[in-house]
Amino acid sequence: MWLLRSVRYRTKNLIPLARLSTSAREYGNADSASTESDTHFGFETVKESEKWKKVHKVFEEVAASYDLMNDAMSMGIHRVWKDIFMERLAPVGNGNRLLDMAGGTGDISFRYMKYLQRLPAGNRTPSHVTVCDINQNMLDVGQKRWERLNLQTASDTIEWVCADAEQLPFADESFTAYTIAFGIRNCTHIDRVLAEAYRILKPGGRFMCLEFSHVNNEALKWVYDQYSFQVIPPMGQILANQWHPYQYLVESIRKFPLQDDFKAMIQNAGFKCVQYENLTFGVVAIHSGFKI
């Protein structure tokens with residue numbers, strides 16, 4: 001097992017949140033600069049320019065208790081989902097450049113680093129991970145976790161960038177893989193997120209998304225709905241002193257596209273060989289596609 005001593009924090013590339021707020025204005029309704037489209041924030045209808053602010057506030061409030069609540073809400077199963085997600089990505093370690101979008105707390109990036117450590121050192125070249133999130137609070141949590149875990153290799157590097165998934169500050173074709181886990185449903189314009197993912201990936205690069213999805217079995221769906229709406233918000237209040245963020249969580253899942261609809265969106269963004277895999281009866285799904 002080899003150790004990693006080279007860690008770079010690219011703080012010069014952190015993007016002020018004030019700048020991110022311009023994205024909604026720039027993407028305003030084409031018919032009129034003063035007319036703005038509505039979107040959803042859970043079951044609430046809001047203006048597009050308001051959604052990112054509300055989502056940002058949610059994750060600002062839950063950042064400190066994020067890992068605790070993930071374990072409590074999923075009874076620890078989220079760890080299994082993320083392990084399967086990384087096994088499906090199966091990085092080979094030959095100079096990969098991974099963009100882990102909405103990856104603030106580091107769950108996916110750290111699994112990526114651990115996966116690389118299992119590979120024979122002589123069969124791989126250094127890899128690089130960029131952990132990207134719109135919320136600096138989440139990135140702060142991730143950086144502290146990184147320091148505690150001390151995941152080290154001889155030459156692999158990691159950096160932390162605060163940026164909007166709809167407006168990434170990276171050059172075209174600069175990454176070999178793009179992952180986003182439990183983050184894309186919080187974005188205002190999913191199509192723009194997918195377009196940016198396609199833009200920054202090299203030819204042959206892979207897009208992978210792990211997201212809460214839709215249970216197809218009606219009996220299981222009823223049980224899942226009861227648990228989601230009757231248990232999760234009170235649990236958030238008890239464990240994290242936060243009800244509203246977890247009410248939003250369960251509502252946002254119901255507003256996310258069905259598995260086949262999201263697959264079609266990924267295809268429309270230009271990705272090929274798009275497929276998905278349901279986990280835990282469709283509670284979550286892994287979607288995958290390639291830039292060819």
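Residue numbers start at 1 and run along the sequence shown. Given the structure is predicted, the values throughout are model-derived calculations rather than measurements.
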(request) Please name all residues satisfying ring pair (Phe, Tyr, Trp, His ring centres under 6.0 Å) with Phe85, sequence neighbours left out, ordered by chain then number. (result)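 Phe85 satisfies ring pair (Phe, Tyr, Trp, His ring centres under 6.0 Å) with no other residue.
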(request) Tell me, please, which residues at least two apart from Phe175 pass ring pair (Phe, Tyr, Trp, His ring centres under 6.0 Å). (result)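 Ring pair (Phe, Tyr, Trp, His ring centres under 6.0 Å) check on Phe175 returns Phe170.
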Less than 4.0 angstrom from a charged side-chain N to a carboxylate O is my criterion; do [X] and [Y] meet it?
X	Y	value
Arg199	Glu196	yes
Lys221	Asp225	yes
Glu173	Lys202	no
Glu87	Lys114	no

Give a yes or no on whether [X] and [Y] share a hydrophobic cluster (residues Ile, Leu, Val, Met, Phe, Trp, Tyr; joining criterion: side-chain heavy atoms under 4.5 Å apart).
X	Y	result
Met101	Tyr276	no
Val80	Ile108	yes
Val250	Trp222	no
Ile253	Val231	yes
Tyr227	Val223	no

(request) Identify whether NZ of Lys or CZ of Arg in Lys291 sits under 6.0 Å from the centre of the six-membered ring of Tyr198 and within 45° of that ring's axis. (result)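 Yes, a cation-pi geometry.
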(message) When you compare the side chain of Cys162 with that of Ile134, does any pair of heavy atoms fall below 4.5 Å?
(response)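 No - every pair of side-chain heavy atoms lies 4.5 Å or more apart.
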(message) Please evaluate residues Cys273 and Ile292 with respect to the criterion side chain to side chain contact (heavy atoms under 4.5 Å, CB included), reporting the C-alpha separation (whole Å), side-chain torsions for both, the decisive distance (0.1 Å), and the verdict.
(response) CA-CA 9 Å; Cys273 305; Ile292 298 175; 4.0 Å; yes
(request) Kindly assign one of parallel, tilted or perpendicular to the pair Phe212 and Trp81, based on the angle between their ring planes and the thresholds 30° and 60°. (result)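 The arrangement is perpendicular - the two ring planes meet at more than 60°.
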Quick one: do the [X] and [Y] side chains pair a donor with an acceptor below 3.5 Å?
X	Y	value
Tyr248	Asn186	yes
Ser252	Arg185	yes
Ser228	Arg254	yes
Gln275	Ser288	no

(message) Which residue is it: Arg145, Gln143, Lys144? I am looking for the one with a side-chain contact (heavy atoms from CB on, under 4.5 Å) to Thr105.
(response)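 Among the candidates, only Arg145 passes.
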(message) Let's go through Phe262 and Phe256 carefully: what are the C-alpha distance in whole Å and the side-chain angles of both, what is the deciding distance for ring pair (Phe, Tyr, Trp, His ring centres under 6.0 Å) to 0.1 Å, and is it a yes or a no?
(response) CA-CA 8 Å; Phe262 186 46; Phe256 192 69; 5.0 Å; yes
(message) I need the minimum non-hydrogen distance between Phe207 and Ala197, along with the two atoms involved.
(response)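 Reported closest heavy-atom pair: CD1-CB, 3.9 Å.
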(request) Any chance you could measure Met113, atom CE, to Arg111, atom CZ, to the nearest 0.5 Å? (result)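 Interatomic distance, Met113 CE to Arg111 CZ, rounded to 0.5 Å: 14.5 Å.
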(request) List for me each residue that meets side-chain hydrogen bond (donor to acceptor under 3.5 Å, both in side chains) alongside Arg79, sequence neighbours excluded, and say none if there are none. (result)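 With neighbours one apart ignored, the set is Asp71.
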